Enquirer: 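Mind looking over this structure? Questions follow.
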There are 2 protein chains.
Amino acid sequence: MRSITINDVAAKAGVSIKTVSRVLNREPNVKDDTRERVLAAVQELNYKPNVSARSLAGSRSYLIGVFFDNPSPAYNADVHLGAVLRCREAGYHLLVEPLDSTASDFASQLIPMLATLRVDGVLLTPPVCDNPVLLDALEAAQVPYVRVAPDGQLDRAAYVRMDDRRAAQEMANHLIDLGHREIGFIKGHPDHGASHLREEGFREAMKDHGVTVREDWVVQGWFSFQSGFEAAKDLLARPQRPSAVFASNDDMALGVIAAANQLRLTVPDDLSVVGFDDTPSARMVWPQLTTIRQPIANMAAAAADLLISGEMTTDDGAPASRMLDFELVVRDSTKPLKG
Amino acid sequence: MRSITINDVAAKAGVSIKTVSRVLNREPNVKDDTRERVLAAVQELNYKPNVSARSLAGSRSYLIGVFFDNPSPAYNADVHLGAVLRCREAGYHLLVEPLDSTASDFASQLIPMLATLRVDGVLLTPPVCDNPVLLDALEAAQVPYVRVAPDGQLDRAAYVRMDDRRAAQEMANHLIDLGHREIGFIKGHPDHGASHLREEGFREAMKDHGVTVREDWVVQGWFSFQSGFEAAKDLLARPQRPSAVFASNDDMALGVIAAANQLRLTVPDDLSVVGFDDTPSARMVWPQLTTIRQPIANMAAAAADLLISGEMTTDDGAPASRMLDFELVVRDSTKPLKG
DNA sequence: CTGCGCAATGACAACGCTGTCAATGCGAAC
DNA sequence: GTTCGCATTGACAGCGTTGTCATTGCGCAG
């Protein structure tokens, strides 16, 4: 099956291949008349340019890499989906590259890969988006990259994120609006910037409503089910216990629900529980979890956008960035405090 | 950053570029001496061939596509991971292509994509691996493909799978070994071949041990949490209820646990529950779920292997296939029947 | 009517590799 | 010593596109 080349199109449209190339690449200086004739031929022959030839001849590869080392498959899947969809619109394709950032030869594995592929850019998701070794390597290889939900070094490169702080604030407001005052909080992994933002948001909401945070009800967690389970068993076994628990992510919130079940507490009657992330598991329990939906796919799409359009810096030279909206998803794990 | 080309290597090794190419592609008729000299130069310069140039000049693209339309992100992630790892070893890269098989222009979207990319092969996962439109399109475009865990039409093309039937049998054996005789079964989505295999395995194990299957305890589910939840609420509310429930997948098993919790039944004390798949959520509940771990990543790796090696048919012309081992994962949701 | 300037188009090399085929080297057979 | 055959190597032409630069066409000022 010999496939259709630019020559076939050129012949059919009665122009040179270069003119076809110009039309395809939206270059200026083509008469409208000619352009239409070419497009018609393209359509009729169902011509699709050969990516390999394009990238060999030109500067772009029409390939975007996604690097990740995230334990949550749901997160990765959302990133892929969002990015793929946007890429497809622009004729790009997505190359996925799981990374093992714990490996010592991590970076030395990477650079050759970049050299082989000549991707037009890469999309970095947590936690690799905050790996300085990786960022250095990318910059050294002059590969453009956009970070999704980075923790810090925001002035280093373009990024897309959501407002964790304000989301946590809204979540806390939700609990307070339901009448809760005795609210426990389970912190996330201290190495994750989001942990701190979420805690800050929680504290801010409490302060705004003049509710005191009981520090002995603020306990450390590690973003894992197990850590949430144990933190909750500790918290809920005390003589005085909160009427609501705000876990910094869903996995821990599920741990809280499991612990409550074990202690014969009914959620949400005896205890309201909220999480953060809206992972698939959040709906795999009863009661289904009230949580914050991160716009992961949209963030990835926005990141792909920046990469494809090349708008990696603002006019004044600072890294471009996008802040996307989250969504408070109220389900069955929260309930107004009984009179 | 001009990158290193085959010319640089050839110059350094003092041979022609064609000889370098021979070494790199493991072609015969190169003196050991020469080969070593070339490899040394490759090593020293850290040369990596340009994929675009390779695929333009040669027949292979060193790209493998993964098509999927699976609602479970964890499943997809495992597939990607397994495939990527194997691909990387062989210098291949993975292109992910989520498909929307419900879209009407599904196939017409697809063919151009294949034409553009010239992938060396594609990996098909459920449910798209059983989509006849897709298979037809791939065959028409002469794109080799390997199916992971296909339902039927096994003589059509190469595939990799596990023994759902025997896995279900072992799972049932586990329950029977624990002393359970009153076992409920929640069927999976009737359109999925695995549903039937799992049910058969269950029935076979029961028969082997001379235990009668109570047909009123065999209820229909749809592989979703909700369907498991509702099936279990029905099943467990009856005057006579089973001492164990075998759900055809984890999502439904989690539904069973949730229903049990709601009915104030303690798992596993009052009821043993088992699932199938070992999804991440299986560990996000208490008690953690006894289940079957599918070798998803390994299946994907094996599929990539077949694609890369080109061993798509056996010597007698039949499609190649691989059957991989599963694993029974015993956790906390099963317990010996009391007295 | 001529000439200038810019828009529109095309010819051709280059991208980095592989496939084809010719050239060379070398040992064995005569 | 010659010749033949095969193992080894290299020269060169593509692969299908884009970049560069030359050429053509055309409207408008002089």
Side-chain angles (χ1 to χ4, degrees), chain A residues 1-39 41-42 45-63 91-93 112 114-118 120, chain B residues 1-39 41-42 45-63 91-93 112 114-118 120:
Chain A
M1 190 181 85
R2 199 192 66 76
S3 44
I4 294 141
T5 74
I6 198 169
N7 288 291
D8 303 325
V9 179
K12 183 158 203 101
V15 296
S16 74
I17 60 169
K18 180 63 214 187
T19 297
V20 177
S21 170
R22 272 196 264 268
V23 172
L24 262 36
N25 292 290
R26 293 184 175 70
E27 288 175 31
N29 301 337
V30 178
K31 252 199 293 198
D32 287 350
D33 173 26
T34 315
R35 183 188 313 280
E36 276 165 31
R37 208 144 28 91
V38 170
L39 289 176
V42 166
L45 296 173
N46 191 24
Y47 163 75
K48 297 287 163 183
N50 178 316
V51 171
S52 299
R54 264 192 158 176
S55 74
L56 180 58
S59 37
R60 288 172 305 178
S61 68
Y62 293 88
L63 250 31
Y92 276 69
H93 290 272
L114 296 173
T116 323
L117 280 178
R118 283 137 229 263
D120 288 347
Chain B
M1 190 182 85
R2 198 193 67 74
S3 45
I4 293 141
T5 73
I6 198 169
N7 289 291
D8 304 325
V9 178
K12 183 159 203 101
V15 296
S16 74
I17 59 169
K18 180 62 215 187
T19 297
V20 176
S21 170
R22 280 198 185 87
V23 172
L24 262 37
N25 292 290
R26 294 183 173 70
E27 287 175 31
N29 301 335
V30 178
K31 251 199 292 197
D32 287 350
D33 173 27
T34 315
R35 183 188 313 279
E36 277 165 31
R37 208 142 31 88
V38 170
L39 288 175
V42 166
L45 296 172
N46 191 23
Y47 164 75
K48 297 287 163 183
N50 179 317
V51 171
S52 301
R54 265 192 159 176
S55 74
L56 181 56
S59 36
R60 288 171 305 178
S61 68
Y62 293 89
L63 250 32
Y92 276 69
H93 291 273
L114 295 173
T116 321
L117 282 178
R118 284 136 228 266
D120 288 346

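Computed from a predicted model, the values in this text were never measured in an experiment. Letters A, B, ... are given to chains in the order of the sequence lines, protein chains preceding strands, and every chain is numbered from 1.
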Enquirer: Going by ring-ring contact (aromatic ring centres under 6.0 Å, His included), name the residues that satisfy it together with Tyr47(A), two or more places apart in sequence or in a different chain.
Expert: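 Counting only residues at least two positions away or on another chain, Tyr47(A) forms no ring-ring contact (aromatic ring centres under 6.0 Å, His included).
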Enquirer: Counting primed atoms plus P, OP1 and OP2 as sugar-phosphate and everything else as base, spell out the protein contacts along nucleotides 15-26 of chain D at 4.0 Å heavy-atom distance: B, S or - for each nucleotide, 5' to 3'.
Expert: BBBBBB------
Enquirer: For DNA chain C, which nucleotides open and close the run of contacts to chain B, 5' to 3', at under 4.0 angstrom from a non-hydrogen atom?
Expert: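 Contact boundaries, 5' end first: dG16(C) to dT20(C).
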Enquirer: For Val23(A) and Arg37(A), run side chain to side chain contact (heavy atoms under 4.5 Å, CB included): C-alpha distance rounded to whole Å, both residues' side-chain angles, the deciding distance at 0.1 Å, then the answer.
Expert: CA-CA 10 Å; Val23(A) 172; Arg37(A) 208 144 28 91; over 6 Å; no
Enquirer: Give the minimum heavy-atom separation between Asp120(A) and Tyr92(A), together with the two atoms involved.
Expert: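 The answer is OD2-CE2, 3.3 Å.
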Enquirer: Within the 4.0 Å heavy-atom criterion, would you say Thr34(B) contacts the bases, only the backbone, or no part of the nucleic acid?
Expert: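 Counting heavy atoms under 4.0 Å across all strands, the contact made by Thr34(B) is with sugar-phosphate only.
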Enquirer: With sequence neighbours left out, which residue pairs that include part of residues 21-34 of chain A fulfil the salt bridge (Lys or Arg N to Asp or Glu O under 4.0 Å) condition?
Expert: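 Checked against salt bridge (Lys or Arg N to Asp or Glu O under 4.0 Å) - neighbours excluded - no pair reaches residues 21-34 of chain A.
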Enquirer: If you look only at distance, which donor and acceptor atoms sit under 3.5 Å apart when one is on a side chain in residues 8-17 of chain B and the other is two or more places apart or in another chain?
Expert:
{"residue": "Asp8(B)", "atom": "OD2", "partner": "Arg2(B)", "partner atom": "NH2", "Å": "3.2"}
{"residue": "Asp8(B)", "atom": "OD2", "partner": "Thr5(B)", "partner atom": "N", "Å": "2.8"}
{"residue": "Ser16(B)", "atom": "OG", "partner": "Lys18(B)", "partner atom": "N", "Å": "3.4"}
{"residue": "Ser16(B)", "atom": "OG", "partner": "Thr19(B)", "partner atom": "N", "Å": "3.3"}
{"residue": "Ser16(B)", "atom": "OG", "partner": "Thr19(B)", "partner atom": "OG1", "Å": "3.4"}

Enquirer: Kindly give the heavy-atom pair with the smallest separation between Arg35(B) and Val30(B), and that separation in Å.
Expert: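 That would be NH2-O, 3.4 Å.
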Enquirer: Could you list the residues that satisfy side chain to side chain contact (heavy atoms under 4.5 Å, CB included) with Leu56(A), not counting sequence neighbours?
Expert: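 For Leu56(A), the residues satisfying side chain to side chain contact (heavy atoms under 4.5 Å, CB included) (neighbours in sequence not counted) are Ser52(B), Ala53(B), Leu56(B).
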Enquirer: With axes from five pairs an end, tell me the bend angle of the helix from dC1(C)-dG30(D) to dC30(C)-dG1(D), nearest 10°.
Expert: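 Overall, the helix from dC1(C)-dG30(D) to dC30(C)-dG1(D) bends by 60° from one end axis to the other.
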Enquirer: Write down the distance between CG (Asn29(B)) and C1' (dA7(D)), rounded to a whole number of angstrom.
Expert: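 Those two atoms, CG and C1', are 6 Å apart.
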Enquirer: Can you measure from CZ (Arg54(B)) to CG (Asn25(B)) and round to the nearest 0.5 angstrom?
Expert: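 Reported value, rounded in 0.5 Å steps: 5.0 Å.
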